[in-house]
Asks: 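Please see the structure below; I have some questions.
Note: hydrogens, waters and symmetry copies are ignored here, and every other heavy atom, side chains too, is used.
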Amino acid sequence: MNVSDVIRRPLITEQSMSEGELKKYSFEVDKSANKIEIRKAVEELFGVKVLSVNTMNMYGKEKRQGVHIGRRPAWKKAIVRLTENSKPIEFFEGMV
C-alpha cells in the first residue's frame with residue numbers, strides 16, 4: 001500500500017488541536033490500514049518519530065431527507081503520538 005493511500009486527510013477539530021500540544025495528531029486513514037502501516041506512513045510523510053498509534057472505526061451517522069433515510073460512509077480514525085524529542089508536524093502548527 002502506498003503512503004499517500006494510507007493517510008487520507010488530517011482531522012482538524014477543537015479536540016485534535018488541543019491535543020497538538022501533547023504531540024498527538026489525528027488523521028483519517030484507509031479502513032484496511034493497520035497500526036504498523038500508519039506509523040510508517042506518518043514517519044515517511046512528515047519526517048517525525050512516532051511513539052504510539054491508536055485507531056478506531058467510526059460508523060457513519062444516519063441522515064434523512066424527508067422520508068428517505070441513508071447513512072454516511074464509515075471511516076477509520078488514527079491518533080498518532082510523537083516521541084518527546086521529535087519535531088512537531090508543521091501542517092498542524094499553522095492551525096493553532
Side-chain angles (χ1 to χ4, degrees):
M1 190 177 285
N2 192 2
V3 174
S4 58
D5 295 336
V6 174
I7 296 182
R8 296 234 171 117
R9 66 184 179 101
L11 296 177
I12 310 298
T13 62
E14 283 186 39
Q15 184 176 0
S16 67
M17 290 295 102
S18 64
E19 288 180 344
E21 299 166 5
L22 303 172
K23 293 196 173 184
K24 287 185 177 181
Y25 301 100
S26 301
F27 297 96
E28 180 182 340
V29 296
D30 186 68
K31 282 189 65 85
S32 63
N34 60 29
K35 291 182 180 185
I36 297 167
E37 292 171 339
I38 295 168
R39 173 189 299 258
K40 288 179 181 175
V42 170
E43 288 178 347
E44 188 176 323
L45 275 176
F46 300 107
V48 295
K49 190 72 179 155
V50 175
L51 179 67
S52 65
V53 177
N54 294 336
T55 59
M56 57 199 81
N57 288 314
M58 309 297 286
Y59 296 103
K61 294 180 179 178
E62 189 174 271
K63 294 291 181 179
R64 71 185 185 104
Q65 186 167 2
V67 297
H68 303 287
I69 298 175
R71 186 172 280 280
R72 287 189 176 167
W75 52 286
K76 192 171 193 176
K77 176 180 179 180
I79 299 175
V80 177
R81 184 170 185 193
L82 305 181
T83 58
E84 290 297 321
N85 56 1
S86 179
K87 63 178 179 134
I89 296 176
E90 291 91 14
F91 179 82
F92 289 94
E93 295 303 312
M95 300 292 173
V96 179

Asks: Which heavy-atom pair separates V50 from R39 by the least distance, and what is that distance?
Replies: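 Closest pair (atom of V50, atom of R39, distance): O-NH1, 2.9 Å.
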Asks: Are side-chain heavy atoms of V29 and R8 found at a separation under 4.5 Å?
Replies: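 The answer is no, as the side chains (C-beta and beyond) never meet within the 4.5 Å cut-off.
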Asks: Taking CG in L22 as the centre, count heavy atoms belonging to other residues, nucleotides or ligands within less than 6.0 Å. Is the count above 12?
Replies: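 Yes - once you tally the heavy atoms of other residues, nucleotides and ligands closer than 6.0 Å, there are more than 12.
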Asks: More than 12 heavy atoms of other residues, nucleotides or ligands under 6.0 Å from NZ of K40: yes or no?
Replies: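 No, because the 6.0 Å sphere around NZ of K40 holds 12 heavy atoms or fewer from other groups.
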Asks: Mind checking the NZ-CG spacing from K77 to N57? Nearest 0.5 Å is all I need.
Replies: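 Separation between the atoms: 12.0 Å.
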Asks: May I ask you to check whether over 12 heavy atoms, not counting those of K49, lie within 6.0 Å of atom NZ?
Replies: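 Atom NZ in K49 is not crowded, with 12 or fewer foreign heavy atoms closer than 6.0 Å.
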Asks: Please tell me if the side chains of R71 and K61 come closer than 4.5 Å, counting only heavy atoms from C-beta onward.
Replies: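 No, every pair of side-chain atoms sits at 4.5 Å or beyond.
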Asks: If every non-hydrogen atom of I38 is compared with every non-hydrogen atom of A33, which pair is closest and at what distance?
Replies: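 Closest pair (atom of I38, atom of A33, distance): CG1-CB, 4.1 Å.
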Asks: Which residue pairs pass the ring pair (Phe, Tyr, Trp, His ring centres under 6.0 Å) test when at least one of the two sits in residues 36-80, sequence neighbours left out?
Replies: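 Matches after skipping sequence neighbours: F27-F46.
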Asks: Nearest 0.5 Å, what's the CG-CD distance between N2 and E44?
Replies: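 It comes to 8.0 Å.
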Asks: Could you check if a side-chain atom of Y25 sits within less than 4.5 angstrom of a side-chain atom of L82, using non-hydrogen atoms only?
Replies: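 Y25 vs L82: side chains touch.
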Asks: Which heavy atom of I79 sits nearest a heavy atom of M56, and at what distance?
Replies: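 It is CD1-CE, 3.8 Å.
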Asks: Would D30 and K76 pass as an ion pair if we require N to O under 4.0 Å?
Replies: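 Here D30 does not pair with K76 in a salt bridge, since their nearest N and O are not under 4.0 Å apart.
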